[in-house]
Protein chains: 2
Amino acid sequence: MATIKDVAKLAGVSKATVSRVLNGNERVSQVARDKVKQAMNDLGYKPSALAQALATNRSRTIGMVVSDLSGPFFGPIMKSAERVIRDAGFQLVVTNGHGQADREREAIEFMTNRPVDALILTVFGFPEEEIVELHRNGTPIVLLNRHIQGFEDNCIYLDNEQGGYLATKRMLELGHNRIAFLAGHFTHHDSVERLEGYQRALAEFGVPFRQELVFDDDYNEDGGRRMCQKLLNLKREFSAMFCGNDLIAIGARDILNQNGLLHGTCMVGFDDVTFARYLNPSLSSVFFPVEEMGERAGHMALAMAGQRSESVGHILQPKLIERQSLCPPASKAD
Amino acid sequence: MATIKDVAKLAGVSKATVSRVLNGNERVSQVARDKVKQAMNDLGYKPSALAQALATNRSRTIGMVVSDLSGPFFGPIMKSAERVIRDAGFQLVVTNGHGQADREREAIEFMTNRPVDALILTVFGFPEEEIVELHRNGTPIVLLNRHIQGFEDNCIYLDNEQGGYLATKRMLELGHNRIAFLAGHFTHHDSVERLEGYQRALAEFGVPFRQELVFDDDYNEDGGRRMCQKLLNLKREFSAMFCGNDLIAIGARDILNQNGLLHGTCMVGFDDVTFARYLNPSLSSVFFPVEEMGERAGHMALAMAGQRSESVGHILQPKLIERQSLCPPASKAD
DNA sequence: TTGTAAGCGTTATCAG
DNA sequence: CTGATAACGCTTACAA
């Protein structure tokens with residue numbers, strides 16, 4: 001690998017001059033500039049990002065910690081963030097925090113030792129204070145899907161309450177008044193917020209809130225199965241179901257199907273992951289603008305890294321996607 | 001941020017000694033070692049990975065270029081590779097090549113300027129010679145899903161021929177003898193190899209190969225739709241369908257469904273992506289051991305980076321996953 | 001066992 | 001406009 005020294009020698013100038021033409025145009029004579037460029041070409045010279053980072057204390061790198069490197073949710077976030085970041089001539093480095101506090105801490109340390117110019121975090125276990133402290137200590141943070149008091153400027157999150165409201169309202173409009181809510185654990189504030197939206201819609205339609213129709217369990221297929229089974233065991237009347245995410249919905253559908261109830265039950269999921277539309281009947285879902293979240297995260301991180309970039313809002317709006325699983329109640333009135 | 005100098009000063013030793021205790025135990029007296037460790041703790045010292053990399057010319061970083069940062073195929077590969085790599089104290093850096101030669105080149109340059117100790121590549125457009133040259137020039141390469149003559153030691157790929165064979169054989173066993181093949185473009189060697197497997201199975205069962213039942217188009221939903229539509233337009237007799245991947249299968253199902261043929265047609269996809277089992281009827285598919293591929297890639301890359309790691313094989317074996325979409329032909333004989 | 005000093009490839013300060 | 005030269009934080013002969 002050719003270094004700046006080789007270029008300097010070949011061009012017959014000093015390293016300083018080479019460095020100057022490298023870093024955008026400062027005051028360098030045209031002749032010098034040309035000689036340097038020529039030499040660079042001849043040697044196939046590429047500056048070492050490493051050495052530049054050491055000297056400038058800026059790495060042109062943005063870190064990202066996700067809770068799952070695979071999966072339909074984080075994929076699009078990473079993808080859109082990476083596009084924005086690479087377009088700015090920066091590099092995105094992604095690592096997995098596995099959604100557990102200790103792994104997340106490890107992942108974050110990995111990043112800060114690197115170091116990165118800004119850090120995009122989607123962490124669940126990692127404590128709020130540490131996040132804020134990290135930021136204070138000089139690693140600019142963009143926090144996704146989490147909303148810390150007094151740290152709002154660094155957060156990007158979905159209006160979950162509105163999502164819960166939209167889904168529930170639509171089912172109410174269709175005539176349902178016994179709507180079960182199969183939520184994720186209420187330790188996740190998303191779940192709580194979605195519940196609030198659910199309640200707001202009920203109130204608006206004068207339908208009483210029934211605690212016995214609300215369940216919480218893991219945010220995955222098995223959680224959905226268990227909650228749905230519980231619901232059936234209770235023999236509570238219900239004609240519709242709002243699920244905390246699409247995986248829960250899939251688990252629930254499985255149980256409903258086994259009981260011959262799949263096609264009669266109105267259902268709305270959350271996130272609108274790619275395969276929701278492939279299901280049969282296709283699954284209605286509250287669309288989570290993941291790509292937009294990724295883009296915004298990218299822009300915000302770049303801005304924090306001292307790069308001028310679009311300024312973006314902090315709260316994303318969900319949208320109800322209507323598909324076959326949204327249907328009126330079986331007409332008992334007739 | 002505390003530096004090695006601060007630690008040295010506080011511990012009352014030289015930088016060299018600190019460096020020694022940092023890099024595993026060399027000959028350092030117990031007292032010195034203790035003082036240094038104490039000082040490190042007191043200062044919360046973390047060595048700068050950057051400076052270390054510059055000094056040693058090794059970054060403890062493995063790069064990976066994928067053709068899609070989201071999507072059900074690369075997610076699990078990245079995830080399992082990352083686990084292996086991080087367990088070894090290395091960092092995985094992922095970037096997107098978008099499956100286009102120029103973007104891939106850019107992505108690879110980004111990586112080599114960083115630099116990385118090894119590079120895992122899943123690139124399609126990038127020319128073979130350049131890959132081999134890159135490796136010769138000192139960036140160790142692990143190449144996924146591609147098989148270059150004379151470069152086998154660096155490649156990890158699926159036995160596609162066997163995959164095509166397994167799928168076709170099972171359908172033949174069920175009694176189908178008009179099996180359409182909706183392949184991806186034959187410019188992808190995967191497609192060609194799968195076709196060969198398809199033909200081998202046919203030959204084994206004495207069923208003649210019919211060119212008019214073979215189609216090629218994009219490896220996605222729309223490609224599947226177009227190929228299926230063409231097949232129907234031709235009014236060729238067929239009772240089963242082998243699809244080049246699961247997305248093609250989904251597109252084809254859509255068209256079949258519109259024609260009331262979904263439940264009568266036997267179908268096998270390829271890759272066995274996560275949602276194949278969620279479909280209704282659930283989709284049989286040739287399982288592609290993506291996680292294993294990621295793990296092997298990780299181990300191989302580590303080994304090339306001079307880290308001792310498990311040695312792994314180069315060819316992965318597919319497996320047929322049987323689900324509802326696998327069914328005997330409608331009995332015309334009766 | 002320990003310290004000194006050169007070097008990794010760049011940037012940045014300061015004279016000239 | 002240009003060139004020495006000192007950083008940046010660490011490793012690594014070489015000497016002591």
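Lettering of chains follows the sequences in order, A, B, ..., and the numbering in each one begins at 1.
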request  = Find the distance B:Asp6:CG to D:dC10:C1' and express it as a whole number of Å.
outcome  = 13 Å
inquiry  = If I take atom CZ in residue A:Arg27 and atom C1' in nucleotide C:dA15, what distance separates them, rounded to the nearest angstrom?
reply    = 15 Å
Could you pull out the protein-nucleic contacts involving nucleotides 13-16 of chain D (nitrogen or oxygen on both sides, under 3.5 Å)?
none

query = Hey, is the side chain of A:Lys15 pairing donor to acceptor with the base of C:dT10 inside 3.5 Å?
reply = yes
query = How many angstroms lie between CG in A:Leu316 and CG in A:Leu144, if you round to the nearest 0.5 Å?
reply = 9.0 Å
request  = Would you check, one step at a time, whether the test side-chain contact (heavy atoms from CB on, under 4.5 Å) holds for A:Leu22 with A:Tyr45?
outcome  = CA-CA 11 Å; A:Leu22 211 53; A:Tyr45 169 74; 3.8 Å; yes
task = Tell me whether the OP1 or OP2 atom of C:dT1 has a side-chain N or O from B:Ser29 closer than 4.0 Å.
result = no
ask   = Are side-chain N/O atoms of B:Ser80 and B:Glu292 paired as donor and acceptor at under 3.5 Å?
value = no
inquiry  = With a 3.5 Å distance limit and no angle check, can you tell me whether B:Glu82 reaches the backbone of A:Asn96 through a side-chain donor-acceptor pair?
reply    = yes
query = Would you say A:Asp117's side chain and A:Ile62's backbone share a donor-acceptor pair under 3.5 angstrom?
reply = no
note = Rounded to whole Å, CG of B:Asn113 lies from C1' of C:dG9 at a distance of 13 Å
inquiry  = Classify the ring geometry of A:His189 against A:Phe124: parallel below 30°, tilted from 30° to 60°, perpendicular beyond 60°.
reply    = tilted
task = Would you check if the side chain of A:His314 reaches a backbone N or O of A:Cys155 as a donor-acceptor pair within less than 3.5 Å?
result = yes
Whole angstrom value for the distance that separates P of C:dT2 from CZ of B:Arg33 = 9 Å
query = Can you tell me how far P of D:dT5 sits from CD1 of A:Ile4, to the nearest Å?
reply = 17 Å
remark   = Of D:dC10, C:dT10, D:dT11, the nucleotide closest to the side chain of B:Ser19 is D:dT11
message = Counting the atoms with a prime plus P, OP1 and OP2 as sugar-phosphate, which does A:Val13 contact under 4.0 Å by heavy atoms, base, sugar-phosphate, or nothing?
response = sugar-phosphate
remark   = Between NZ of B:Lys5 and P of C:dG3 the distance, given in whole Å, is 16 Å
A:Asp42 atom CG, neighbour heavy-atom count above 12 within 6.0 Å = yes
request  = Classify the side-chain pair B:Asn137/B:Thr139 by whether it contains a donor and acceptor separated by less than 3.5 Å.
outcome  = no
request  = Check step by step if side-chain contact (heavy atoms from CB on, under 4.5 Å) holds for A:His147 and A:Glu152.
outcome  = CA-CA 6 Å; A:His147 177 184; A:Glu152 284 87 357; 3.7 Å; yes
request  = For DNA chain D, determine which residues of residues 47-63 of chain A have any heavy atom closer than 4.0 angstrom to one of its atoms, and list them numerically.
outcome  = A:Leu54, A:Ala55
message = How bent is the helix from C:dT1-D:dA16 to C:dG16-D:dC1, measuring the angle between the end axes built from five pairs each, rounded to 10°?
response = 40°
task = Carefully, step by step, assess A:Asn145 and A:Phe288 under the rule side-chain contact (heavy atoms from CB on, under 4.5 Å).
result = CA-CA 11 Å; A:Asn145 275 336; A:Phe288 190 125; 3.4 Å; yes
